[in-house]
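Structure record follows, encoded as structure tokens.
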Amino acid sequence: MKRSVFLLVLLAGCGSHAVNTSRPDEPYNNAMDTGRSVFDLGHSDQAEGQYRDALKRALLRDDASAIHDSGFNLATVLLDQDKPQESLESLKSTREALEIRNYPHTQDLSLVQAADLYRMHDYAGAMQAVQAPLSSGDVALRERAVYLNGLSAAETGNEGVLASMASKLGASKDTATQTDYQELDAHLALLRHDPAHAMASAALVVQKRRAGLDYGGMRRALLLEAQAADASGEPTQAVALRKQEADSRSSLQAPISSSEPLIDGSASDKPEK
């Protein structure tokens with residue numbers, strides 16, 4: 001479940017997680033592959049069914065690695081459908097299954113948990129849940145955790161943590177990570193009473209999220225830009241930006257990937273194959 005780059009934690013070079021056996025488990029592999037395919041087409045609801053089937057097959061096989069991968073993907077698509085409570089419940093079941101099988105690699109599950117809590121406006125809980133992936137040796141996973149921790153810090157007005165997280169991302173040469181940095185930078189500028197800088201950074205994030213088809217991230221950046229416009233004494237522009245965000249949101253006919261903070265970047269952004 002390594003990311004080539006989710007966004008938020010999620011994205012394109014995820015390798016296929018076939019069951020490790022000389023005789024492939026075709027039902028499991030087919031469910032995982034189909035789930036990824038329909039997710040990439042924007043059909044999270046269909047991907048959910050495929051990953052539930054894959055998880056049942058993984059439990060049938062008593063295969064910890066397969067339980068982990070399918071459980072991670074299921075929780076991710078539930079979050080993508082804006083069902084954070086169901087995602088948390090799914091994560092709990094997956095963790096319990098992994099604990100009794102002594103499977104230790106669960107930092108990415110903690111990242112999805114943190115994203116669920118962030119979506120539920122439990123920012124303190126999100127910052128606590130993200131601590132494990134913040135120390136991950138997986139660069140992509142760690143950067144997703146840094147980004148999510150920064151977003152949570154911004155929501156609580158914790159300038160110190162936000163500045164630290166922005167600094168960590170600012171050193172990255174990865175293009176997607178730089179977009180995440182610019183979003184945190186906009187939040188930081190707002191906290192430091194520099195709305196003009198915040199508007200410029202947020203506008204750039206809007207453009208980049210749109211270009212990457214991350215419409216959830218784009219909407220989040222539009223609202224951030226609107227907040228900066230208000231702080232700049234430009235209420236007319238703020239109203240226009242919020243209308244743009246509302247138009248995008250109201251146009252949703254089915255769940256689309258990249259809803260909230262599991263965004264371009266690592267193992268949590270998009271489901272694995």
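Under the 3.5 Å distance criterion, the side-chain polar atoms of Glu245 are left unmatched by any main-chain donor or acceptor of Leu241.
You'll find the side chain of Glu155 reaches within 4.5 Å of the side chain of Tyr118, heavy atoms only. Between His68 and Asp108, some side-chain heavy-atom pair lies under the 4.5 Å cut-off. Taking 4.5 Å as the limit, every side-chain heavy atom of Lys83 sits out of range of all side-chain heavy atoms of Val77. Lys243 has its side chain within reach of Asp247: a pair of non-hydrogen atoms, C-beta onward, lies under 4.5 Å apart. Considering only heavy atoms from C-beta on, Ser167 stays 4.5 Å or farther from Tyr181 through its side chain. For the pair Thr76 and Tyr51, the minimum side-chain heavy-atom distance is 4.5 Å or more. You'll find the side chain of Ser70 reaches within 4.5 Å of the side chain of Met32, heavy atoms only. Between Leu88 and Val112, every side-chain heavy-atom pair lies at or beyond the 4.5 Å cut-off.
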Mind listing the side-chain donor-acceptor pairs of residues 191-205 below 3.5 Å, one per line with the distance, residues two or more places apart or on another chain?
{"residue": "Arg192", "atom": "NE", "partner": "Glu159", "partner atom": "OE2", "Å": "2.9"}
{"residue": "Asp194", "atom": "OD1", "partner": "His197", "partner atom": "N", "Å": "3.4"}
{"residue": "His197", "atom": "NE2", "partner": "Asp185", "partner atom": "OD2", "Å": "2.6"}
{"residue": "Ser201", "atom": "OG", "partner": "Asp185", "partner atom": "OD2", "Å": "3.0"}
{"residue": "Ser201", "atom": "OG", "partner": "His197", "partner atom": "O", "Å": "3.4"}

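Residues forming a side chain to side chain donor-acceptor pair (under 3.5 Å) with His121 (at least two apart in sequence, or on another chain): Tyr123. In this structure, the side-chain contact (heavy atoms from CB on, under 4.5 Å) partners of Arg101, at least two apart in sequence or on a different chain, are Leu59, Asp62, Ala64, Ile67, Ala97. Under the side-chain contact (heavy atoms from CB on, under 4.5 Å) criterion, Ser248 pairs with Met218, Arg219, sequence neighbours left out. Residues passing the salt bridge (Lys or Arg N to Asp or Glu O under 4.0 Å) test with Asp230, sequence neighbours excluded: Arg242.
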- prompt: Step by step, would you call Lys208 with Gln182 a side-chain hydrogen bond (donor to acceptor under 3.5 Å, both in side chains)?
  reply: CA-CA 10 Å; Lys208 292 185 175 181; Gln182 286 157 354; 3.2 Å; yes
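Scanning both residues, Ser87 and Leu79, for their nearest heavy atoms gives CB-N, 4.0 Å. Across every non-hydrogen atom of Arg119 and Pro84, the tightest pair is CG-CG, 4.0 Å. Closest non-hydrogen pair, Leu109 versus Arg95, comes out as C-NH2, 3.5 Å.
By the neighbour-count criterion of 12 heavy atoms within 6.0 Å, atom NZ of Lys168 is sparsely surrounded, having that number or fewer from other residues, nucleotides or ligands. The 12-atom threshold is not exceeded at CD of Gln128, counting heavy atoms of other residues, nucleotides or ligands nearer than 6.0 Å.
The OG1 atom of Thr179 lies 11.0 Å from the CG atom of Leu184; values are rounded to the nearest 0.5 Å.
The closest side-chain donor-acceptor pair between Thr177 and Glu143 falls under 3.5 angstrom.
Residue pairs meeting the salt bridge (Lys or Arg N to Asp or Glu O under 4.0 Å) criterion with at least one partner in residues 49-58, sequence neighbours excluded, are Asp25-Arg57, Glu48-Arg52.
A salt bridge links Asp40 with Arg36: the distance from a Lys NZ or Arg NE/NH1/NH2 to an Asp or Glu carboxylate oxygen falls below 4.0 Å.
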